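Letters go in sequence order (proteins before strands), and every chain restarts at 1. Because the structure is a prediction, the values reported are computed rather than measured.
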Number of protein chains: 2
Amino acid sequence: MARTQGSHSDITGPRIREAALRLFAQHGYAAVSMRQIAKEVGVQAGALYNYTPDKQSLLFSLMSSHMEELQAAWDSVPRAAYAMDRLRAFTGFHIRFHLERPDAVFIAYMELRNLTEENFTVIESLRRVYENGVEGILKEGVEQGVFSIPDTKIATLAVIAMLNGVNTWYRSEGRLSLDEVERVYWGMVQKAVSA
Amino acid sequence: MARTQGSHSDITGPRIREAALRLFAQHGYAAVSMRQIAKEVGVQAGALYNYTPDKQSLLFSLMSSHMEELQAAWDSVPRAAYAMDRLRAFTGFHIRFHLERPDAVFIAYMELRNLTEENFTVIESLRRVYENGVEGILKEGVEQGVFSIPDTKIATLAVIAMLNGVNTWYRSEGRLSLDEVERVYWGMVQKAVSA
DNA sequence: ACAATAACTGAACAGATGTTCAGAAAAAAG
DNA sequence: CTTTTTTCTGAACATCTGTTCAGTTATTGT
């Protein structure tokens, strides 16, 4: 056998990425073999190498795509005039964006140690850009006198860590709706940073 | 060769656990081989099986020890009368305890997916006991009228997630002292839950 | 209709994996 | 000193690892 019926690059490529994303999130990068990914796609392991130079590149590509989509999505959110409104917008955006892609989020946080040094540097700088955006809001709020924050860097990380926590427990069939979750978290974030 | 000079069970045992803890935290459970752990201890791979029935048990043992130490340590903290004081005590305790064992904390959160189903259940229930302790404080604070919290379960997870974030950035040589970190976080926690 | 190309197979590579176990050496017990 | 027990070695096991590549087939272009 060789090329199979209905085999197309523009179909197999995304399917490989989807399978890898799901498997990496479920079992961890190191625990997933190329053969497992291939099997999920319905293809032999060798075929994967038409779409990625190696396993490490596949992981890196998934992570950097996620980080770039995150940044692009946040950049496209209309920028409110007041820091308080911007922070509320961010809270809602961050929660929703992350709940829509639990696997990618999981990988982006858990598989950092499995990146090569140079790949790690790239992902880290993408993350820092995102964090700096949040810190900018907090700093502005402090200048405008609406926020009281002893250390904006720590507060940034604290807010993000708190919001990321949603992914560990939220289930769409659960007790609370997305709107309710957003409201509850916004209440805590707002109080935590307010003057 | 066989038994080597100065070989003792009560020395090798802990050394294996320490090496495994460090390596699992650094590279991940799946990425670390028994031979790597053995090499770190200065022993052949086969010798590890005098101390653990298998690799999975080693991971589980490390995680359950950590969770039990955590609970025991928190139980030994004097229980203040008012919820506000209890929450402050918890904030300080949690930050310090976790910063003292970054590797164990890392593993306890990241390697859950590498546990067998039954082992996972055990660890999860230990975690729930700890979380329930925190929720108890929040509930009491609400009853006493000092806290305003729409959902104590979410608030519990949010507070813990926020505090856990410290481990991702704190360095002892860094800009802030432990006392300062504790103060900053307590400020945010207090405001977030206060009425 | 044929030629060119893209997509894939299947086998092979050298090495690593968790785990077992007979035997050897050091330590402890008598 | 002799025996017993504890601790460890070193080899072996079957299987899995990421990756390469010649060859084969389906699709596309002419």
From [options], nucleotide with atom closest to [X] side chain:
X      : options                  : answer
A45(B) : dA7(C), dG10(C), dT19(C) : dT19(C)
S33(B) : dA27(C), dT9(D), dT17(C) : dT17(C)
K55(B) : dC8(D), dG18(C), dC8(C)  : dG18(C)

Would you please test T156(B) and E131(B) for side chain to side chain donor-acceptor pair (under 3.5 Å) and show each step?
CA-CA 7 Å; T156(B) 297; E131(B) 289 172 357; over 6 Å; no
Atom-pair distance ([atom1] on [X]; [atom2] on [N]), nearest Å:
X       : N       : atom1 : atom2 : value
I16(A)  : dA7(C)  : CD1   : P     : 11 Å
N114(A) : dG18(D) : CG    : P     : 12 Å
M34(A)  : dC8(C)  : CE    : C1'   : 15 Å
N50(A)  : dA26(D) : CG    : C1'   : 14 Å
R35(A)  : dC13(C) : CZ    : C1'   : 11 Å
K39(A)  : dC16(D) : NZ    : C1'   : 13 Å
Q44(B)  : dA25(C) : CD    : P     : 15 Å
I11(B)  : dT7(D)  : CD1   : C1'   : 12 Å

Phosphate OP1/OP2 of [N]: any [X] side-chain N/O under 4.0 Å:
X      : N       : result
Y49(A) : dC21(D) : no
T4(B)  : dT7(D)  : no
Y51(B) : dT7(D)  : no

Quick test: give all pairs of protein nitrogen or oxygen and nucleotides 1-6 of chain D nitrogen or oxygen below 3.5 Å, distance rounded to 0.1 Å.
unit_1: dT6(D); atom_1: O2; unit_2: R3(B); atom_2: NH1; d: 2.3

Between P53(A) and G42(B), just flag the one whose closest nucleotide in DNA chain D comes earlier from the 5' side.
G42(B)
So which atom in A20(B) and which in I37(B) form the shortest heavy-atom distance, rounded to 0.1 Å?
CB-CD1, 4.1 Å
Which of parallel (below 30°), tilted (30 to 60°) and perpendicular (above 60°) describes Y185(B) and W169(B)?
parallel
By nearest nucleotide on DNA chain C, pick out whichever of A30(B) and A47(B) is the more 5' one.
A30(B)
Mind checking the CG-OG1 spacing from L157(B) to T168(A)? Nearest 0.5 Å is all I need.
6.0 Å
Using a cut-off of 4.0 Å on non-hydrogen atoms, how would the nucleic acid contact of V32(A) be classed: base, sugar-phosphate, or nothing?
sugar-phosphate
Give one of base, sugar-phosphate or nothing for Q36(A), where a contact means two heavy atoms less than 4.0 Å apart.
sugar-phosphate
If you apply the rule ring pair (Phe, Tyr, Trp, His ring centres under 6.0 Å), what do you find for Y130(B) with H94(B), and how did you get there?
CA-CA 11 Å; Y130(B) 186 68; H94(B) 189 91; 5.7 Å; yes
For a side-chain contact (heavy atoms from CB on, under 4.5 Å) with Y29(B), tell me which candidate from N114(B), L62(B), I107(B), L58(B) qualifies.
N114(B)
Are R101(B) and F97(B) in a cation-pi setup, meaning NZ or CZ lies under 6.0 angstrom from the ring centre and within 45 degrees of the ring axis?
yes
Using the ring of Y51(B) (Phe, Tyr or Trp, six-membered ring only), decide whether R17(B) places NZ or CZ under 6.0 Å from its centre and within 45 degrees of its axis.
no
